[in-house]
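Letters A, B, ... are given to chains in the order of the sequence lines, protein chains preceding strands, and every chain is numbered from 1.
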Amino acid sequence: MIDKRVVSAAEAVADIADGSSIMIGGFGEAGSPIELIHALIDQGASDLTVISNNTGSGQVGLAALLKERRVSKVICSFPKTLNSTVFPELYREGFTELELVPQGTLAERIRAGGAGVPAFYTPTAVGTPLGEGKESREFDGREYLLEYGLTADYTLIKGLVADIHGNVLYNKTARNFAPIMASAADVTIVQATTVVEPGVIDPETVVTPGIFVDRVLEVAEPAHESELIAAGECYP
Amino acid sequence: MIDKRVVSAAEAVADIADGSSIMIGGFGEAGSPIELIHALIDQGASDLTVISNNTGSGQVGLAALLKERRVSKVICSFPKTLNSTVFPELYREGFTELELVPQGTLAERIRAGGAGVPAFYTPTAVGTPLGEGKESREFDGREYLLEYGLTADYTLIKGLVADIHGNVLYNKTARNFAPIMASAADVTIVQATTVVEPGVIDPETVVTPGIFVDRVLEVAEPAHESELIAAGECYP
Amino acid sequence: MSQQADTKGWTREEMAQRLAQDIPNGSYVNLGIGIPELVARFVPQGRMFIYHTENGLLGMGPSPEEGDGDPELINAGKRHVTANPGAAYFHHADSFAMIRGGHLDLSVLGAMQVSQHGDLANWSTGKPDAIPAVGGAMDLVAGVKQVFVITQHCTKSGEPKLVESCSYPLTGRGIVNRIYSDLAVIDVTPEGFRVVELCPGVDFQSVQERTGAPLLPAEQ
Amino acid sequence: MSQQADTKGWTREEMAQRLAQDIPNGSYVNLGIGIPELVARFVPQGRMFIYHTENGLLGMGPSPEEGDGDPELINAGKRHVTANPGAAYFHHADSFAMIRGGHLDLSVLGAMQVSQHGDLANWSTGKPDAIPAVGGAMDLVAGVKQVFVITQHCTKSGEPKLVESCSYPLTGRGIVNRIYSDLAVIDVTPEGFRVVELCPGVDFQSVQERTGAPLLPAEQ
């Protein structure tokens, strides 16, 4: 009586409106939910804010979404990767705004957003240009910056196995941002290689509990960014 | 070349000095590291600060440590349980001080302590006696309290399986505070029912990575608090 | 209990069953210790709820057969429970992230007092010799989307539990959405307590007499 | 490179090997991208290090055979790696909790500049047309117990990288403990740079000439 499956990537992302904020899992190509991103390109939503560690490579997946000029802002720690030409052009042109956040601060802000913590203090970036203008405070004689929790309207992530209640397992370092992003969005959409009945996943090993997941899509043979790029693919 | 095993509970706790702060895992009897606590009683350290969700039951485990008058302060969310008579007496007498912390704030303070976050804001306890006198601040029109990260000199926890690098799996709801406490102490000591070689535990399922663990002790048949109490046991 | 019997109100089971009817299918629910635990017995036909217990389990199932319990599979009341298919175990920081982060749909709690502004007192009498113990109650009311209180309408000595202002120490301020008592279902609204439904055979006036603050009648 | 060859300094591999000799057995180590990655090739006899990669793996092993890589098992430099026995995967918040919480023993990083006060610049030239990208460098230097820098002593154009004060944007302030260059091993002390060891065949004066701040001689 609880079944979070959707039948297509198009259905999964159908309600994403212009102006939405979207967290997108992945560190490089590991964990990038390419099929969901491509469905979002087809769907047409624009003026998006994307929260993701990178900005994609080549002209597929996240880079393709940027190239289609759908993203007005990225919140990101490392927006240049090998084969990453799309974002630099949009950034220099002034089309896409960048909020650069240290990787650990980005992760902790997302975790805080999901955990109901509106703000926290961190030692990261004190005394650097990324700390300039930020509120700071001393604890035990050391300086820390105040950072704010981060939430989004949607999260798109890629799992290895999901059950129809939304419990998710990941593949190796594809886990990266997915569990915390799942917790920080109003609507979390998971594509998984295999979708199973409740009870198949050992409750001791669940990484993302179903409470954080709203929609589950089976994508049995997900594409890998590097393979698409090697094959010269451009999306759409 | 990395082997964190110790051969006895006595060796595991040998260096705990008077005045130490000690996090002790467990929620009720689930996850209570009774053998390590009993070794600490034998060892004799006193004037301890104990951070734990409860204060033990009967006259074994944590309750026995209290009864031996080794604990000058507890930081705790729920210091009264069925069969819990030791702490109430020490508290009324004024021997043991109590810092009462809401359960979720206690967990988050420990997690923050382990994660290098000196302080964070939480909505819990606003407008209640436990929020009185605390620094507060509004975010988006809602009031939050400033709470501080919590660390300790030692953590004592109970796992199900550990490897000699210190990776740990737990049994069901015995997991409770153990993973966060493991991250928040200078020295973390784990008793586990089974101790295995590296590679036996699937890296996808590790709950506490070995980086947080300093000593591993095999206790093949750990006692359960309720069974000891039913058998009329008192320690020592 | 005699007080309650006089008013011919709902039994505790009936209160729990009535509350369960208001929980949408697929809800994630945390049940407090005591009467709230009874709610798990009454899942309306065609619905499924997933129960969270803050000590680290989502997908909590019923109590095991006597003697089948695992001392390390317990609920927040420290009683033996089971895990349903689709369950997940997690540590306390993750468990309270679910609570504080607004991921649970409903928290059902008992009460010592509820004020007409939705303040809840359910953790301490405030007596000087009491051993203070709070557990997860303050986190639940601060973070869960909806808070339902299930309680006898009056104390054993006949004092109203629904009051203008709580005299006991608060668990949370302005956080109760709805109250299920043996006499009525009552919403906390910006205007104060509003009766949603009366127990059959119980009239508005008799509930008002047992309530320490003005009651508004059900909206037509 | 010709500049380096003139001074007959250590090769990159020798620098990495020299650094590895200073890592105690059982250390948890994060290796940055570039020269720092070479350190993993040189584990002294009788020791074992556990490598952390901030994208979510503790117990990182060497690169797989060409063609054997899993595109979802990569390091922070996005290269295929393997997982050793005893490894663990975790998400980014947990990974940076290890970093920020002071659980890693050592971070080895490259540098554009290091100041005599231990300030590090290694993430941005600060040029107006540069695409800023920081990754985890600022977290590593803010949280890891010790920070070792491994770097050529001078830039390709011969400018000193060890300076009085960094002209490039900082990664962190006062956080470098020791520098391994092709010419020397140099500590950052409260008094400034102090030579710990000179590359055989390189004299103090020639290192001083290539350094943008005063050098103190090795303590006897």
Begin with the C-alpha distance, continue with both residues' side-chain angles, and end with the deciding distance and a verdict on salt bridge (charged side-chain N to carboxylate O under 4.0 Å, His left out) for A/Arg175 and D/Glu72.
CA-CA 9 Å; A/Arg175 187 183 304 196; D/Glu72 298 196 320; over 6 Å; no
Above 12 or not: heavy atoms from other molecules or residues under 6.0 Å from [atom1] of [X]?
{"X": "D/Glu66", "atom1": "CD", "result": "no"}
{"X": "D/Arg79", "atom1": "CZ", "result": "no"}
{"X": "A/Glu93", "atom1": "CD", "result": "yes"}

Measure [X] against the heavy atoms of chain A and call it side chain, backbone, both or neither at under 4.5 Å.
{"X": "D/Ala88", "answer": "neither"}
{"X": "D/Phe96", "answer": "side chain"}
{"X": "D/Asn75", "answer": "backbone"}
{"X": "D/Thr171", "answer": "backbone"}

Does any non-hydrogen side-chain atom of D/Val134 lie less than 4.5 Å from one of A/Gln103?
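Side chain of A/Gln103 against side chain of D/Val134, heavy atoms only: no contact under 4.5 Å found.
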Kindly indicate whether the side chain of D/Pro132, heavy atoms from C-beta on, has any atom under 4.5 Å from the side chain of A/Tyr91.
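The answer is yes, as the side chains (C-beta and beyond) meet within the 4.5 Å cut-off.
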Measure the acute angle between the ring planes of D/His92 and A/Phe177, then classify it against the limits of 30° and 60° as parallel, tilted or perpendicular.
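Parallel.
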Quick check for you: among [options], which has the greatest number of heavy-atom pairs under 4.5 Å with chain D?
{"options": "A/Leu130, A/Asn53, A/Thr124", "value": "A/Thr124"}
{"options": "A/Ser77, A/Ala107, A/Gly131", "value": "A/Ser77"}
{"options": "A/Cys76, A/Pro102, A/Gly104, A/Ala30", "value": "A/Gly104"}
{"options": "A/Ile180, A/Ile110, A/Asn171", "value": "A/Asn171"}

Heavy-atom closest contact ([X] atom, [Y] atom, distance):
{"X": "D/Ala76", "Y": "A/Phe27", "result": "O-CZ, 3.5 Å"}
{"X": "A/Pro79", "Y": "D/Ile131", "result": "CG-CG2, 4.0 Å"}
{"X": "D/Ala142", "Y": "A/Arg142", "result": "O-NH2, 2.7 Å"}

Structural part of [X] lying under 4.5 Å from a heavy atom of chain D:
{"X": "A/Arg109", "value": "neither"}
{"X": "A/Val207", "value": "neither"}
{"X": "A/Glu89", "value": "neither"}
{"X": "A/Tyr170", "value": "neither"}

Leading residue by heavy atom contact count with chain A [cutoff under 4.5 Å; candidates D/Ala93, D/Ser95, D/Ala97, D/Gly56]:
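Option with the top pair count is D/Ala93.
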Could you tell me the separation between the [atom1] atom of [X] and the [atom2] atom of [Y], rounded to the nearest 0.5 Å?
{"X": "D/Ile74", "Y": "A/Thr173", "atom1": "CD1", "atom2": "OG1", "value": "5.0 Å"}
{"X": "A/Glu108", "Y": "D/Asp139", "atom1": "CD", "atom2": "CG", "value": "10.0 Å"}
{"X": "A/Phe78", "Y": "D/Trp123", "atom1": "CZ", "atom2": "CH2", "value": "11.0 Å"}

Given D/Arg100 and A/Thr122, is the side-chain contact (heavy atoms from CB on, under 4.5 Å) satisfied, shown in steps?
CA-CA 8 Å; D/Arg100 202 186 312 100; A/Thr122 178; 3.4 Å; yes
So, A/Glu225 and D/Lys78, do they make that salt bridge, N to O below 4.0 Å?
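Looking at D/Lys78 together with A/Glu225, the answer is no, because their closest N to O distance does not fall below 4.0 Å.
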Using a strict 4.0 Å threshold on nitrogen-to-oxygen distance, state whether A/Arg92 and D/Asp129 make a salt bridge.
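Salt bridge absent between A/Arg92 and D/Asp129.
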Can a donor-acceptor pair be found, under 3.5 Å and without considering hydrogens, that links the side chain of A/Thr128 to the backbone of D/Gly172?
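Checked: no pair found.
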